[in-house]
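Here's the structure, in structure tokens; my notes come after.
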Protein chains: 2
Amino acid sequence: QVPPVRGVALDRHQARLAILHVPDRPGMAAQIFGLLATENISVDTIIQSQRCRVINDIPTRDIAFTVAQEDAEIARNALSELAKTINCGEIIVDNAIAKVSIIGAGMIGCPGVAAQFFSALAKENINIQMITTSEIKISCVVAESDGVKALKVVHQAFDLAGKDKIHVPA
Amino acid sequence: QVPPVRGVALDRHQARLAILHVPDRPGMAAQIFGLLATENISVDTIIQSQRCRVINDIPTRDIAFTVAQEDAEIARNALSELAKTINCGEIIVDNAIAKVSIIGAGMIGCPGVAAQFFSALAKENINIQMITTSEIKISCVVAESDGVKALKVVHQAFDLAGKDKIHVPA
Ligand SMILES: C[C@@H](O)[C@H](N)C(=O)O
Ligand SMILES: C[C@@H](O)[C@H](N)C(=O)O
């Protein structure tokens, strides 16, 4: 009987970049992440949602991704040249984020687990900025100042006292 | 020497729901996914990006998630009542999507893998609608009509001929 959640992780050393208004046609994501790879910038999480906005008759989407905080400015500078070529909007950097994740092999097909995670954060008035999921991991990006509290309350919510508190060292 | 990508998966039986303009304050995600859990609706992927839009002075975010196609209308109906209470915008259902994913234990810290995935799709003129990542999986949502082609070209791009073609049966 595998508990759906076996651990909680916190990473307070990421920064988020958002590239706004990327023209929504094939090849854009490839160019952006191809460039970051050429610059040897390691990307942790990529989030692109479905929301397509038409700007000057051109359908666009925002693409967000996270990197280690020390790479944020390098990433922004690397992209600023490409930004002119692909004609996207501004690139926004937010250093004050924390990524808190629940991890477990038993999560898939357990409808309540995500809700339980979000509720634990909500009860402490922690606002969820970004959500990304896979079968073994659900991650929420919150404000960096909420990071440690988030780790604690999610830990309690899944009854993980004393075990598997995977805290990425400050 | 573990190859970063060991398999490609295609799922053409998902539908995407997008809840637009969810008031961006604690508790919203918890209520939405709590309700879906109560209705026993299994959610595959949740994507919420950073883009916050102020509407009538209220900061809002869009939340997108995918479910099995047969659950899409049940999910929409379940949420339509809650939508009035939490005062979000419309709920959009898109049944014509496919989720194509690359899977591998060796992907983390391999900056070029995501770019290679996106380039393979771009070369076939396949537009990427959504992106979500974890250490062992990168998923792109594309149009359902692009699904099989996407599986094929990504397979080729990672040189996986003959192995590990995890195709979710039609
Ligand atoms: C926005 C970006 O993802 C674009 N749709 C692409 O396929 O590259
Ligand atoms: C938009 C929604 O995710 C909200 N920020 C919450 O915390 O529930």
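Computation of the quantities below employed the complete heavy-atom set of this structure, encompassing side-chain atoms and omitting hydrogens, waters and symmetry-equivalent molecules.
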Inset, instruction - Please flag which part of B:Glu124 lies under 4.5 Å from any non-hydrogen atom of chain A: side chain, backbone, both or neither. - result: neither

Inset, instruction - Against chain B, label A:Leu35 side chain, backbone, both or neither, depending on which of its atoms sit under 4.5 Å from a heavy atom there. - result: neither

Inset, instruction - Could you look at A:Ile138 and say if it's the side chain, the backbone, both or neither that has a heavy atom under 4.5 Å from chain B? - result: neither

Inset, instruction - Answer yes or no: is there a donor N or O on one side and an acceptor on the other, between the side chain of A:Gln50 and the main chain of B:Gln129, under 3.5 Å? - result: no

Inset, instruction - Can you measure from OG (A:Ser134) to CD1 (B:Ile46) and round to the nearest 0.5 angstrom? - result: 11.0 Å

Legend entry - Any A:Asp24 side-chain heavy atom under 4.5 Å of B:Asn127 side chain: yes

Inset, instruction - With rounding to the nearest 0.5 Å, note down the distance linking CZ in A:Arg51 to CZ in B:Arg61. - result: 14.0 Å

Legend entry - Contact class of B:Ile41 relative to chain A, heavy atoms under 4.5 angstrom: backbone

Legend entry - Pairwise distance CD(B:Gln48) to OG(A:Ser49) - rounded to 0.5 angstrom: 8.5 Å

Legend entry - Spatial distance of atom OG (A:Ser101) from atom CD (B:Glu135) [nearest 0.5 Å]: 7.5 Å

Inset, instruction - Among the options A:Val141, A:Val43, A:Asn125, pick out the one with the most heavy-atom pairs lying under 4.5 Å from chain B. - result: A:Asn125

Inset, instruction - For A:Thr132 and B:Thr132, run side chain to side chain donor-acceptor pair (under 3.5 Å): C-alpha distance rounded to whole Å, both residues' side-chain angles, the deciding distance at 0.1 Å, then the answer. - result: CA-CA 7 Å; A:Thr132 178; B:Thr132 179; 2.9 Å; yes

Inset, instruction - Would you mind reporting whether A:Lys137 and B:Lys137 have side-chain heavy atoms less than 4.5 Å apart? - result: no

Legend entry - Spatial distance of atom CD1 (A:Ile131) from atom CD1 (B:Ile63) [nearest 0.5 Å]: 5.0 Å

Legend entry - Which portion of A:Leu121 sits near chain B, non-hydrogen atoms under 4.5 angstrom: neither

